[in-house]
Q: 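Here you go, one structure.
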Amino acid sequence: VNADDVIEQSKDHPHRKHYTDSSRKTYHQSWSRDEDAAEVPKYTLPTNGIPSRSAYQLIHDEMTLDGNPTLNLASFVHTWMPPEAEKLIMENINKNAVDLDEYPATQVIHSRCISMIADLWKAPKDSKVIGTATAGSSEAIMLGGLAMKKRWQELRKDAGKDCSHPNIVFGANAQVALEKFARYWDVETRLVPVKAESDFIMDPKEAIKYVDENTIGVMIILGSTYTGHFENVQEMSDLLDNLQAKTGLDVPIHVDGASGGFFAPFAYPDYKWSFDIPRVHSINTSGHKFGLVYAGLGWILWRDESFLHKDLIFELHYLGSTEYSFTLNFSKPAAPILCQMFNFLNLGFEGYKRIAIKDLRNARLLSRALDSTYFTVLSNIHKPANRSASKPTKGIDEDDPNFYQIGLPVVTFRQVFTLILLSDEFKATYPHVKQEWIPMMLKAKGWIIPNYNAPLGEENVELLRVVVRETLSEDLVERLIVDILETTESLAGRSSKPAEIPLGVVSATPKGLHQPDKEHGRPNAENFNSSQDGIGQVAFSRQC
Amino acid sequence: MALSKHVNPDRLIQESRDKKNHHHSLTKSDPNKVTHPYGARYGTASIPKFHIPSKGTDAQSAYQLIHDELSLDGSPSLNLASFVHTWMPDPANKLMMENMSKNLIDQDEYPMTQLIHTRCINILADLWHAPHSHEAVGTATTGSSEAIQLGGLAMKRIWQEKRKAAGKSIHEPGPNIVMGANAQVALEKFARYFEVECRLVPVSVESKYRLDPKKAMEYVDENTIGVYVILGSTYTGHYEPVKEMSDLLDEYEKQSGINVPIHVDGASGAFVAPFASPKLLWDFKLPRVISINTSGHKFGLAYVGVGFVIWRSKQYLPKDLIFELHYLGSVEYSFSLNFSRPAAPIIAQYFNFLHLGFEGYRAVALDDLKNARVLSRALERTGWYTVLSDIHRVKDAGLLAKGAKQAIGFDEENAEEDGLPVVSFRFSDDFQAKYADIQQKWIQTLLRSKGWIVPNYELAPDLEHVQILRVVVRENMSEALVDRLVADIVEITEDLTKRASSTHALDLLGSHSQSTSAKSHEGKMEEGSASEYSGTYAKTC
């Protein structure tokens, strides 16, 4: 069934005349909106426009079909800023961050942000740190990878060796941006499979086996998007030091701190992962994740400008001054950068720290609640750091993140293999309740919680994930726990009539229904021969 | 006191502070605790520049502090250097604020935002005459840079696949791409970052400061992944002849069997030409044009942060570049360089499509051109300036005496040359001969002191000895503002020519001294840290 056709056939056609007769237009807003909308085609540019208020109302109303950003627990991206920050955004929404000479004050703020982040990441005082704001961590990661590729090429050329087969090593838990870099820039991806025992993250001892003379670098993820675990930068660095001592190969590290770069320094100030490890050449982060800014901001910093090859920097001669550009995007909004500075000033170190501690506290609450019911929690931030101590010893602040295992405020959980439901009347098992139904049912309540497969190596494990951001208050966590438990129990209870649920749920998936509006102008499975097409994409790619 | 050339302002301020006394701790009036009405504790204490302050300050004062600092920025609406749009109506602002927290990439969470994205792609594909608009694929980008790189990457991958299929090496010799030397920096960036040899075709006065297709053919060979044709040179606003380039490449294919595609960089022009010059052949009507990019934030009239790239059909976007996202039971596809990005600019773009419609865009484009012509003619009539852009000149100058048409303010639709509403001008030869000591760059500096931002820069390689001033006439550059601008330019120029005036004395000072301010050196590049100046003029746009 083509929904568009059905709608077209169901319209009152004689009324067309009425719509175009402007003399009969009413001035009541909701009426004029419908009349205006009737003349607006969906897939072509309308010949004549409509009043700005109608256009606003039309789009505003349509947007109500979107999920609620606050309840979007699938994403690491921050969704709230104070009204003062929003005012700042509106005032500067028309400023272009790339117009260096036109907006000098904006440039100064950009530079200060870089300095502050460099200090936060313990950049050595004697080196010349350089960096730039980006549209997000994807761009930042690609720039980091590109710099490593160029460095490797130059070293190989100088040694008179072939430089056409570079490779890069990272864990299978990598976010899609890392793999994108490799494919777009013709670098071979060497994915290190992950194991459940190693917490679904890259094990440095495994990773070192993949390193050879053609390795441009190792990307280490500070804060796996699957479970929030930090990959061990120090251990990887030590292993690469050993390798260099043995073979002379100098393989650099880029840390993908998309989430962790703005979390670890505040929650775990003593944890070693940043520029205080000399092998770390560059680090990226997202201002719009735990940097607490709206979507549209990332950062990348190099420990020293010598690690960013000159070929990658473009000189801009403009308005009497010379400026430098080394980003993939050119024009981009200045407002997010200003918001980052707003947060630095408004929150300070203490403010960021309190938010990090609060996020972790709420994540622990959720973890414990889930762990004690129908689920196994795979993230570790609720487990004491000392695995043998089950109870906190006296005198230790139980709220101190250092008392627990380190990680992002992420709760990853899965249904216990056989769902056991205890009720007054009976005790039964429901192996046929599918975990993927839980998010679908939760979505009806407004919550957005993704269900996906674990990375290569453990790809048969299905995970549910909640990112505990600043906006997920304790109050909301309590509601979430109630809703998850209720949903799980109702699924188990109702599934005693198996025919009903699967059908109902399946038809809710996008594949079951023909949705012409969704298929226009975008790649779809038919266009690209679906997932069976052997492109060889292995890592699980997901939103974050 | 001897004038020192290298004063470090940071140190100077440090030395000039009140000496620290410890009275505060005695009188208990710690400035950190006092709630100052304005600026709070940073009213007198130095603002942290190199580390995050350990304690924060309240939101109101953080706002005020940044707000005040930003008053040193130029005014976006007087920024005539940039093509980037700077105004939207209030309902659009409201819509953007409402959707500020939405991430475009969360396709499943925000399904309606996705539909709007899809509709934008369809509307553009249709506007650019894609053979079947539902066949066309495309994506929103952060701006034209990302879009151009995606377009180039697709062409590179197609070339690589062709070479591999033919059993030929993709490394020796490597791929190359052809473009005019007037290209914007993004085009060259693509070549350098993605390791494609950049073949710049020199421009000349005869080629109207843009790509000459006949000359471009000398640079094309079997390893050419494609030709970038720029619709709307950022120097002078001239459209490059897409049709002629396409015809020459057709001929080349007939002779050699080598198929070289065209990507049109319509960063500015793809939102001007369809409305102002609907008869111009430049888009998907030409089968050789496989992809087009544009900036929604230029003549698409949205705020900065939105671009688009569209391929005429899915076959020109290699599967290899598309990533699958498995999520919440659905499969989505991603082919962009950025991942998380704000949804608000795309929503604003769609707002414009609905609000303005074809007629609205056309009215804006024609008004821009009209105002640009007024400015062009006024400048030429001073006798001091020569205008390099051609939008105020009549297409076929042979039909009527040029002067006569201009004299009557000839204003018939499409009688003038097609192009962007850009006015590029320089001192006329007469003026230069008469006042050889007056430097053109002073116009830029003196206009800046009146608030106008009008850049002065060299033309593309081979013409780099020519300096031009450039004004982009955007929607907010009303006739009233054009009027003021002309008056200010005239006043400044006149003043410079008067030997006794103070501005003339300034001019004699020679090159305006670069301040050695230390303000922005931390975390920034120093002189000479970039790759060698490639010759093309890399400029903001």
Side-chain angles (χ1 to χ4, degrees), chain A residues 43-49 52 55-56 62 65-67 69 72 77 79 82 84 93-94 96 99 102-103 105 111-112 114-116 119 135-136 138 164 294-296 310-311 313 315-316 319 324 328-331 333 342 344-351 448 509-510 520-521 523 527-528 541, chain B residues 49-56 59 62-63 69-70 72-74 76 79 84 86 89 91 100-101 103 109-110 112 118 121-123 126 142-143 145 171 303-305 314 319 325 329-330 333 337-340 342 351 354-360 453 455 520 522-525 530-531 538 540:
Chain A
Y43 306 116
T44 54
L45 192 60
T47 312
N48 290 301
S52 57
Y56 162 80
E62 283 190 328
L65 284 166
D66 273 346
N72 180 359
V77 175
T79 54
E84 290 84 359
I93 200 159
N94 57 3
N96 187 349
D99 283 352
E102 288 82 341
Y103 308 128
S111 305
R112 274 190 215 154
I114 303 271
S115 303
M116 288 184 176
D119 178 69
S138 281
S164 51
Y294 288 131
K310 279 188 175 191
D311 267 9
I313 303 170
E315 256 189 49
L316 310 173
L319 276 173
Y324 300 89
L328 299 178
N329 299 300
F330 200 67
S331 289
F342 173 87
F344 286 163
L345 293 180
N346 178 211
L347 296 171
F349 190 91
E350 284 298 319
I448 303 176
T509 67
H520 270 277
N527 283 353
F528 296 105
S541 313
Chain B
K49 289 175 185 158
F50 306 118
H51 58 89
I52 296 177
S54 59
K55 291 229 169 7
Y63 160 78
E69 275 202 299
L70 289 172
L72 286 166
D73 273 348
N79 180 359
V84 175
T86 54
M100 200 44 85
S101 58
N103 186 351
E109 287 81 343
Y110 308 129
M112 199 58 223
T118 308
I121 302 286
N122 278 293
I123 287 172
D126 180 69
T142 295
S145 277
H171 295 294
Y303 287 131
V304 61
K314 67 205 178 204
K319 278 182 225 164
L325 309 170
S330 72
Y333 297 88
L337 298 178
N338 300 298
F339 199 68
S340 287
F351 171 88
L354 290 190
H355 170 42
L356 294 171
F358 187 93
E359 284 304 323
I453 303 176
S520 46
E522 184 72 16
K524 245 181 100 179
M525 313 293 306
S531 53
T540 38

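Each chain gets a letter, A, B and so on, in the order its sequence line appears, and its residues count up from 1. Just so it is clear, the structure is predicted and the values come from calculations on it, not from any experiment.
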Q: In terms of heavy-atom pairs under 4.5 Å, which option from Ile93(A), Thr79(A), Asp66(A), Leu345(A) contacts chain B the most?
A: Asp66(A)
Q: Between His171(B) and chain A, with a heavy-atom cut-off of 4.5 Å, which part of the residue counts as in contact: side chain, backbone, both or neither?
A: side chain
Q: Need one label for Leu347(A): side chain, backbone, both or neither, based on atoms under 4.5 Å from any heavy atom in chain B.
A: backbone
Q: Could you give the distance from OG1 (Thr47(A)) to CD (Glu359(B)), rounded to the nearest 0.5 Å?
A: 7.5 Å
Q: Looking at Ala135(A), Pro82(A), Pro333(A), Gly136(A), which one has more heavy-atom pairs under 4.5 Å with chain B than the rest?
A: Pro333(A)
Q: Indicate yes or no for a side-chain donor-acceptor contact from Asn122(B) to the backbone of Tyr43(A) under 3.5 Å, with no hydrogens or angles considered.
A: no
Q: Non-hydrogen atoms of chain A under 4.5 Å away: do they reach the side chain of Ile52(B), the backbone, both or neither?
A: both
Q: Quick check for you: among Pro91(B), Gly143(B), Pro89(B), which has the greatest number of heavy-atom pairs under 4.5 Å with chain A?
A: Pro91(B)
Q: When rounded to the nearest 0.5 angstrom, what is the spacing between NE2 in His355(B) and OH in Tyr56(A)?
A: 14.5 Å
Q: If only side-chain N and O atoms count, and only distance matters, is there a donor-acceptor pair under 3.5 Å linking Tyr103(A) with Asn96(A)?
A: no
Q: Please enumerate all residues that pass salt bridge (Lys or Arg N to Asp or Glu O under 4.0 Å) together with Glu350(A), with sequence neighbours excluded.
A: none
